[in-house]
Amino acid sequence: MEAFEINVSEIEELQTYKYTDVLDKIFTKARRIIVGGEIVILVRQYADGRSEKFDEITTAEDLEAYRKQVYKYLV
């Protein structure tokens, strides 16, 4: 397996429209990647096409903390 990138701009958009089913799929895939020994990279993609890496998630606990942070705005 290889590293999995999560575009936080996309996460924010999914939060806005409360697309929890899509968010669930992203976090399920991210969990599989981490369990497989790889990392999850958080990136922000901009309208001009460039992307910027700003964090890495390497443990299931850190991924769960990020997932909770994302979902807390959906309640």
Side-chain angles (χ1 to χ4, degrees):
M1 279 192 179
E2 58 186 56
F4 178 58
E5 287 188 1
I6 293 179
N7 177 357
V8 295
S9 301
E10 178 184 7
I11 296 295
E12 292 163 352
E13 183 176 342
L14 294 169
Q15 282 177 306
T16 300
Y17 297 109
K18 299 186 187 221
Y19 289 152
T20 56
D21 56 333
V22 178
L23 288 168
D24 289 343
K25 288 179 184 178
I26 290 170
F27 283 106
T28 298
K29 183 173 182 179
R31 178 175 284 291
R32 282 196 314 264
I33 295 295
I34 288 175
V35 168
E38 294 296 331
I39 61 172
V40 173
I41 301 169
L42 300 181
V43 298
R44 180 166 303 278
Q45 289 186 320
Y46 297 96
D48 63 6
R50 66 188 167 94
S51 65
E52 184 177 294
K53 172 185 160 184
F54 66 89
D55 202 1
E56 290 183 357
I57 299 174
T58 58
T59 67
E61 293 81 16
D62 289 344
L63 179 64
E64 181 61 18
Y66 177 60
R67 188 192 71 76
K68 285 181 180 179
Q69 178 183 344
V70 167
Y71 278 77
K72 79 178 178 181
Y73 297 109
L74 297 174
V75 177

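We use all heavy atoms of the structure for the numbers below, so side chains are in, but hydrogens, waters and symmetry mates are not. This is a predicted model, so every value here is computed, not measured.
Among residues two or more places apart in sequence or in another chain, the side-chain hydrogen bond (donor to acceptor under 3.5 Å, both in side chains) test is passed with Gln45 by Asn7. The ring-ring contact (aromatic ring centres under 6.0 Å, His included) search around Tyr17 returns Tyr19, not counting sequence neighbours. Partners of Thr20 by side chain to side chain contact (heavy atoms under 4.5 Å, CB included), not counting sequence neighbours, listed by chain and number: Tyr71, Leu74. With sequence neighbours excluded, the residues forming a ring-ring contact (aromatic ring centres under 6.0 Å, His included) with Tyr66 are Phe27, listed by chain and number.
When hydrophobic clusters are built by joining Ile, Leu, Val, Met, Phe, Trp and Tyr residues whose side-chain heavy atoms come closer than 4.5 Å, directly or via intermediates, Phe54 is grouped together with Leu63.
Residue Ala30 comes nearest to Ile6 through the heavy atom pair CB-CD1, 4.2 Å, listed as atom of the first residue, atom of the second, then distance. Taking every heavy atom of both residues into account, Ile34 and Thr58 meet most closely at CG2-O, 3.7 Å.
Chaining together hydrophobic side chains whose heavy atoms lie under 4.5 Å apart places Ile41 alongside Ile39, Val43.
Applying the salt bridge (charged side-chain N to carboxylate O under 4.0 Å, His left out) test to every pair with at least one member in residues 64-75, sequence neighbours left out, gives these pairs: Arg31-Glu64, Glu64-Arg67. Residue pairs meeting the salt bridge (charged side-chain N to carboxylate O under 4.0 Å, His left out) criterion with at least one partner in residues 44-62, sequence neighbours excluded, are Glu12-Arg44, Asp48-Arg50, Lys53-Glu56.
Put simply, the side chain of Gln15 gets close to the backbone of Val70: a donor and an acceptor are under 3.5 Å apart.
To the nearest 0.5 Å, the span separating NZ on Lys18 from CG on Leu23 amounts to 11.5 Å.
Side chains of Ile26 and Phe4 form a contact here, defined as non-hydrogen atoms less than 4.5 Å apart.
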